[in-house]
Number of protein chains: 2
Amino acid sequence: MASTEDTIAVRISKELADRIISGAIEPGSRLRQDHVAEEFNTSHVPVREAFRRLEAQGLAISEPRRGVRVASFDLGEVREVAEMRAALEVLALRHAAPHLTASILEKAEEATKAGDKSRDVRSWEEANRTFHRLILSPCNMPRLLSTIDDLHAASARFLFAAWRSEWETRTDQDHRAILSALRQGNTESAAATLGRHVQWIGQKPVKTASGKTRDAFAIVG
Amino acid sequence: MASTEDTIAVRISKELADRIISGAIEPGSRLRQDHVAEEFNTSHVPVREAFRRLEAQGLAISEPRRGVRVASFDLGEVREVAEMRAALEVLALRHAAPHLTASILEKAEEATKAGDKSRDVRSWEEANRTFHRLILSPCNMPRLLSTIDDLHAASARFLFAAWRSEWETRTDQDHRAILSALRQGNTESAAATLGRHVQWIGQKPVKTASGKTRDAFAIVG
DNA sequence: AGTTCAAAAATTATCTATAATTTCACACGA
DNA sequence: TCGTGTGAAATTATAGATAATTTTTGAACT
């Protein structure tokens, strides 16, 4: 693991990001710098820097003098992230397509299979993210890719909030259609499918803290 | 000015961002925390937080233990930003269009006129940014808008690097075409024009530090 | 019971000090 | 001349201490 090379602030921000995404920390809850510092056995200076990174990723909200809290989200933000992903992933795919090799498409197919076999959301999400990253990375546009990464983090958060425990296996036809179009060199068809794919918003009833049930929404692609 | 309400870190990051964008600090040059701290009469703790913000905006690059330097850029990044802006501004405009009022379009027209009258790049850039912000803000998608803001900052930087001094007045036909389409309720036509508009990359010979001339590129829209 | 206010506690933001690492200059040897 | 190593200086990263602000608590009052 490369975390030894990272600065403490980076290590903390990664760990906190993971907890926020997985839902281990509730949306809206406060992040107290001294508590975090104590947990990680550091002073609060690197903790504050970690907070700034989380803020930039949209995972936390900071108000001056009033601390940092985990960002909360609603259906509107799910839609927003879905549309941004559609726009940017389509752009990335158009640029990546000319550089895609048979070997990359092979790995992407394996990722799809791994997703189909996943018994829990977490491993499904990982396989899904791998698929998207594989076919988009060759675009060689670092700023675009890092923006997409942040959007994937947000997506994962929505997903885990809705499908924390129950998860039923389903085969991803979209991924297969995208791969097939790419193999045939039909970039536009692949891009169109991808654009639709990441805008598909799933819906699921979940129990709230107060015991009632409401609908949760998430991007399932 | 609301800067009194901001935290020191925010004040510093805004000021440094301004200098980086305007070209007052050279791309690639180091930002030394103690020097900045001394200049702003603070300790380096808020300075480090400011650095994290600049990093997130893509204006600075930080390497662990090796400090922070102003991000450098090349034609590839100009193109990347232009394409991202095209994708995201078109998305924003589609959502904003239904909420645009005659009053907003009127202000946007004034901004266009102000741009046409500008004698220097800086005021042209400000007018241009105002135009884009006016017609996009009503989309009510905060994450999207803040990503677009960061891209505009990058665009401005490219622009100032190329047109630092000489700037010739030119009337912006694209802006007028966009406004006219919006007034007629023809959102798709407006979006298409906007998408082309922000991808128009201008070219200009500039003198390098070594006295030679090379071509500089920038987004002019 | 509900409000209001003030003091106490907790928390954020910043400063000063220290440890760890990197950069730089300069000498030395191939 | 060029590379290479070594020590000093500069710089980054973190810790510990302090000031300023916000939140909480609880008592007095309506």
Side-chain angles (χ1 to χ4, degrees), chain A residues 1-20 24-72 209, chain B residues 1-20 24-72 209:
Chain A
M1 203 164 294
S3 25
T4 348
E5 316 214 356
D6 284 338
T7 185
I8 293 181
V10 173
R11 274 217 309 281
I12 295 176
S13 81
K14 282 182 181 168
E15 171 62 27
L16 290 182
D18 202 64
R19 290 188 201 169
I20 294 172
I25 321 181
E26 287 278 307
S29 62
R30 290 186 68 173
L31 294 173
R32 274 167 268 237
Q33 54 186 32
D34 292 18
H35 298 194
V36 177
E38 194 176 13
E39 184 193 339
F40 287 87
N41 269 302
T42 64
S43 84
H44 54 231
V45 178
V47 174
R48 291 178 60 82
E49 291 183 40
F51 285 173
R52 297 288 90 80
R53 302 181 103 255
L54 294 173
E55 217 185 328
Q57 290 174 78
L59 294 175
I61 306 270
S62 152
E63 290 174 291
R65 298 258 162 214
R66 308 195 53 187
V68 175
R69 44 184 72 240
V70 176
S72 44
Chain B
M1 204 163 293
S3 24
T4 349
E5 315 213 357
D6 284 338
T7 184
I8 293 180
V10 173
R11 273 218 310 280
I12 295 175
S13 81
K14 281 181 180 168
E15 172 61 27
L16 290 182
D18 203 62
R19 290 187 201 171
I20 295 172
I25 321 181
E26 288 278 308
S29 62
R30 289 185 68 174
L31 294 172
R32 274 169 268 239
Q33 54 187 31
D34 292 21
H35 298 193
V36 177
E38 195 176 12
E39 183 192 340
F40 287 89
N41 270 303
T42 63
S43 83
H44 55 232
V45 179
V47 174
R48 290 178 60 81
E49 290 182 40
F51 285 173
R52 296 290 90 79
R53 302 181 106 254
L54 295 173
E55 216 185 329
Q57 290 174 81
L59 294 176
I61 307 272
S62 154
E63 290 174 290
R65 297 257 160 215
R66 309 196 49 189
V68 175
R69 40 183 76 242
V70 177
S72 43

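These values consider heavy atoms only, across backbone and side chains, with no hydrogens, waters or symmetry-generated copies. Proteins come first, then strands; the chains are lettered A, B, ... in the order of their sequence lines, and each starts at number 1.
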(request) Report the C-alpha separation of B:Phe40 and B:Ile8 in whole Å, then their side-chain angles, then the decisive distance to 0.1 Å, and conclude whether the side-chain contact (heavy atoms from CB on, under 4.5 Å) test is met. (result) CA-CA 9 Å; B:Phe40 287 89; B:Ile8 293 180; 5.8 Å; no
Distance below 4.0 Å between [X] side-chain N/O and [N] OP1 or OP2:
{"X": "B:Arg65", "N": "D:dT12", "result": "no"}
{"X": "B:Arg66", "N": "D:dT11", "result": "no"}
{"X": "A:Thr7", "N": "D:dT14", "result": "yes"}

(message) Side chain of B:His35 only, heavy atoms from C-beta on: which candidate in C:dT12, C:dT11, D:dT11 is closest?
(response)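 Nearest nucleotide to the side chain: D:dT11.
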(request) Using modelled atom types only, decide if a donor and an acceptor are shared between the side chain of B:Arg69 and the backbone of B:Gly28 within a distance under 3.5 Å. (result)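 Here the side-chain-to-backbone pair exists.
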(request) State plainly whether the residues A:Glu49 and A:Arg53 are in salt-bridge range, i.e. N to O under 4.0 Å. (result)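 Salt bridge flag = no for A:Arg53 with A:Glu49.
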Send over the distance from [X] [atom1] to [N] [atom2], rounded to a whole Å.
{"X": "B:Glu38", "N": "D:dA10", "atom1": "CD", "atom2": "C1'", "value": "13 Å"}
{"X": "A:Arg32", "N": "C:dA10", "atom1": "CZ", "atom2": "C1'", "value": "9 Å"}
{"X": "B:Arg69", "N": "D:dT11", "atom1": "CZ", "atom2": "C1'", "value": "13 Å"}
{"X": "A:Arg52", "N": "C:dT14", "atom1": "CZ", "atom2": "P", "value": "9 Å"}
{"X": "B:Arg30", "N": "C:dC24", "atom1": "CZ", "atom2": "P", "value": "7 Å"}
{"X": "A:Gln33", "N": "D:dT14", "atom1": "CD", "atom2": "P", "value": "15 Å"}
{"X": "B:Asp34", "N": "C:dT21", "atom1": "CG", "atom2": "P", "value": "18 Å"}
{"X": "B:Glu63", "N": "D:dA13", "atom1": "CD", "atom2": "C1'", "value": "15 Å"}

(message) Under 4.0 Å, heavy atoms only, any strand: does B:Arg48 hit a base, just the sugar-phosphate, or nothing?
(response) base
(message) Looking at the base of D:dT14, is there any donor atom on it, or on the side chain of A:His44, that sits under 3.5 Å from an acceptor on the other one?
(response) no
(request) State whether the number of non-hydrogen atoms from other residues, nucleotides or ligands found under 6.0 Å of B:Glu39 atom CD is greater than 12. (result) yes
(message) Go nucleotide by nucleotide along DNA chain D from the 5' end; which of A:Ser43 and B:Gly67 gets its closest nucleotide reached first?
(response) B:Gly67
(request) Identify, with sequence neighbours excluded, every residue that meets side-chain hydrogen bond (donor to acceptor under 3.5 Å, both in side chains) alongside B:Arg65. (result)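 Applying side-chain hydrogen bond (donor to acceptor under 3.5 Å, both in side chains) to B:Arg65 gives none.
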